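Only one structure is covered here, and it is reproduced in the block below.
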There are 2 protein chains.
Amino acid sequence: MIEFSSIRKEGLSVQIANAIRTAIIDGHLVVEERLPSEAELSERFEVSRSTVREALKRLAAQNLIRSERGSSGGAFVNRITHDEAQESLVTTLRLMIGMNNIAFEEAIESRFTLESACLGLAANRRSDDDLADLRAELQHQRSGSISDEDFCASDVAFHSIIGRSTGNPLLAFQMAGAVEAMQPLMNMLVYRLRDRQRITDLHAAIADALEAKDADAAWQHLEALASYTRELADQRRAPRLNGPKVGNGAAPEPASV
Amino acid sequence: MIEFSSIRKEGLSVQIANAIRTAIIDGHLVVEERLPSEAELSERFEVSRSTVREALKRLAAQNLIRSERGSSGGAFVNRITHDEAQESLVTTLRLMIGMNNIAFEEAIESRFTLESACLGLAANRRSDDDLADLRAELQHQRSGSISDEDFCASDVAFHSIIGRSTGNPLLAFQMAGAVEAMQPLMNMLVYRLRDRQRITDLHAAIADALEAKDADAAWQHLEALASYTRELADQRRAPRLNGPKVGNGAAPEPASV
DNA sequence: AAACATTTAATTGTCAGACATTTATACTTT
DNA sequence: AAAGTATAAATGTCTGACAATTAAATGTTT
């Protein structure tokens, strides 16, 4: 184990959390290594066990460590899973969108910009498996019986697969995170049946272009999809201007479609 | 305030944290709203104060809430600042890179792919202020006296400004996060003086292209920068194969396959 | 009456010690 | 040898107390 230097100002638990976090990120504590027990840490830092615990909870919330109970238990440096990382990414992006006056148009633009960058790579690299996955989602979307929620989920999946098709796990990660983070926004759009049809057709066109490894065509159809999304967003807003004032603004969900 | 439904399995503090987190993300608790005091929460959830505290610490670690002391203190739903969000993004990306076998090439590709997407927008939208900021960083990079660390920091700043030049705060956010997250990787590259010169020249070429609003030229120079970065990375690795064993071995680890 | 000082109340931060729960290991019994 | 049992070590939770901080109420002086 390493020596933690002593502590001075600001909340004790915060300082302890920072000390350990730094040790992890700087690599002094490697993945799966076990930290000293809470009792030992509290002696080492000369604080009570509760204080150490609060520090550990902070780190656990960031997925940096994981606590196991029992005789050979303790706190271990966590090998973060892809899912945990993605959840964390999504949370961060959503907070960023929700609390920093990000306009709907900006969010859409950011997402489609990222996706169009992915498309360039995906068109050259997509595997047959990727293509099959895309087709599977398309079929799902075409089945008229699925709910709005399922349609949106399938939409998220479709675009995540495009990210995956780049063959670059980091790009796939960012792409999937962005798409999922914006799902609540997309959910606000009313998907009438006709809209679904149009969207699914554009998805199909993109899949075709990827199959043909035709990046230009893929871009063109993605651009069409982006415009159409903006159009739907405008439609949803414009009529309201003359209509009755919207009660909440947050939860649209017009009764039934 | 809202009613929290009662709790059953899994760690109590985790459940409580989840309950409150959900309330925040779903908008039942709005920004700057004050949560009940720890004492009240512990009554409401029928757990001890320590348990509630650990839950709150978890949320605080995710920047979801902030605790203030004193008479009118308490836990408040946090309006996350841009910097906090970015720090969180950077941490997540770094964990993802460090713990999920992301190759150097993949990281570089992801970063330059994102940046090239930004360049297209930035070429049309960059303000004169953005341009001035880019020039300022260039001048800084040209002053031969700065340290390696400062050079890297300026490099990060330069590319973040490109993200900002898109005029899209969300893209800027993602771009800055990606660049900063990869700084440790870039730092591994030895920057000889000649390298710096070359890099700065390419930066200047990009800035010129942005000034001329010439997206194609900007892409071309960014591509050159990407290639050069890959080249440096290769140089750094290849000679080692015949040389003495590397002390640390933090990155490679092909030892056993 | 206004400015300043003091007390008070509410709230989070920390501490200490106890008990409950979980889990691996060592031991005992069959 | 296998199965069951005790044991020890660790985290999870509870309880109650005190310290530190802050805002507001209260009191005091000019």
Side-chain angles (χ1 to χ4, degrees), chain A residues 1 4 6-21 23-24 29 31-79, chain B residues 1 4 6-21 23-24 29 31-79:
Chain A
M1 265 299 299
F4 298 106
S6 68
I7 303 288
R8 285 295 141 92
K9 316 167 186 176
E10 193 167 316
L12 285 177
S13 65
V14 176
Q15 296 171 54
I16 294 174
N18 288 339
I20 300 178
R21 181 185 304 111
I24 294 176
L29 291 167
V31 163
E32 295 305 317
E33 183 169 345
R34 183 176 172 281
L35 279 83
S37 73
E38 296 178 351
E40 262 184 74
L41 284 174
S42 67
E43 279 182 22
R44 188 103 52 118
F45 286 113
E46 294 177 342
V47 296
S48 75
R49 201 185 139 210
S50 342
T51 305
V52 168
R53 292 201 103 245
E54 294 193 350
L56 294 180
K57 291 312 150 221
R58 293 189 117 91
L59 298 176
Q62 298 179 311
N63 283 314
L64 283 170
I65 64 170
R66 136 187 59 93
S67 288
E68 289 178 9
R69 297 165 62 152
S71 162
S72 67
F76 296 83
V77 178
N78 203 20
R79 157 163 275 124
Chain B
M1 265 301 299
F4 297 106
S6 69
I7 303 289
R8 283 299 142 93
K9 313 169 184 176
E10 190 166 318
L12 284 178
S13 64
V14 176
Q15 295 172 54
I16 295 174
N18 288 340
I20 300 179
R21 181 185 304 111
I24 293 177
L29 290 167
V31 163
E32 295 305 317
E33 182 169 345
R34 183 177 173 283
L35 280 82
S37 73
E38 296 177 351
E40 261 184 75
L41 284 173
S42 66
E43 279 183 21
R44 188 101 53 115
F45 286 113
E46 296 177 339
V47 297
S48 75
R49 202 185 136 211
S50 351
T51 306
V52 167
R53 293 200 102 245
E54 294 193 350
L56 295 180
K57 291 312 152 222
R58 292 190 119 91
L59 298 175
Q62 297 179 311
N63 281 315
L64 283 170
I65 64 170
R66 136 188 59 93
S67 288
E68 289 178 9
R69 294 165 55 148
S71 161
S72 67
F76 297 84
V77 179
N78 203 19
R79 158 163 274 125

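Keep in mind that what you see is a predicted model, and the values were worked out from it rather than measured. Residue numbering restarts at 1 for every chain, and letters A, B, ... go by the order of the sequence lines.
With sequence neighbours left out, the salt bridge (charged side-chain N to carboxylate O under 4.0 Å, His left out) criterion links A:Arg49 to A:Glu38. Take B:Ser50 and apply the side-chain hydrogen bond (donor to acceptor under 3.5 Å, both in side chains) test, not counting sequence neighbours, and it matches B:Ser48. Listed by chain and number, the residues in a salt bridge (charged side-chain N to carboxylate O under 4.0 Å, His left out) with A:Glu32 are A:Arg66 (sequence neighbours excluded). Legend: residues meeting side-chain contact (heavy atoms from CB on, under 4.5 Å) with A:Ser37, ordered by chain and number and at least two apart, are A:Arg34, A:Ala39, A:Glu40. Residues satisfying the salt bridge (charged side-chain N to carboxylate O under 4.0 Å, His left out) criterion with A:Arg21, sequence neighbours excluded, are absent altogether. For B:Val47, the side-chain contact (heavy atoms from CB on, under 4.5 Å) partners at least two apart in sequence or on another chain are B:Leu12, B:Ile16, B:Phe45, B:Thr51, B:Val52. Every residue two or more places apart in sequence or in another chain was checked for a side-chain contact (heavy atoms from CB on, under 4.5 Å) with B:Glu43, and none qualifies.
A nucleotide of DNA chain D counts as in contact with chain A when one of its atoms lies under 4.0 Å from a heavy atom; the first and last such, 5' to 3', are D:dA8 to D:dT13.
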Protein proximity profile, nucleotides 16-25 of chain C - base contact B, sugar-phosphate-only contact S, no contact -, cut-off 4.0 Å on heavy atoms:
--B--BBBB-
Check the pair A:Ile20 / A:Leu35 against side-chain contact (heavy atoms from CB on, under 4.5 Å), numbers first and verdict last.
CA-CA 9 Å; A:Ile20 300 178; A:Leu35 279 83; 3.6 Å; yes
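Closest of all the heavy-atom pairs between A:Ile65 and A:Ile24 is CG2-CD1, 3.8 Å. Across all their heavy atoms, A:Ala61 and B:Gln62 have their closest contact at O-NE2, 3.6 Å.
Contacts of residues 51-66 of chain B with DNA chain C (heavy atom under 4.0 Å): B:Arg53, B:Lys57.
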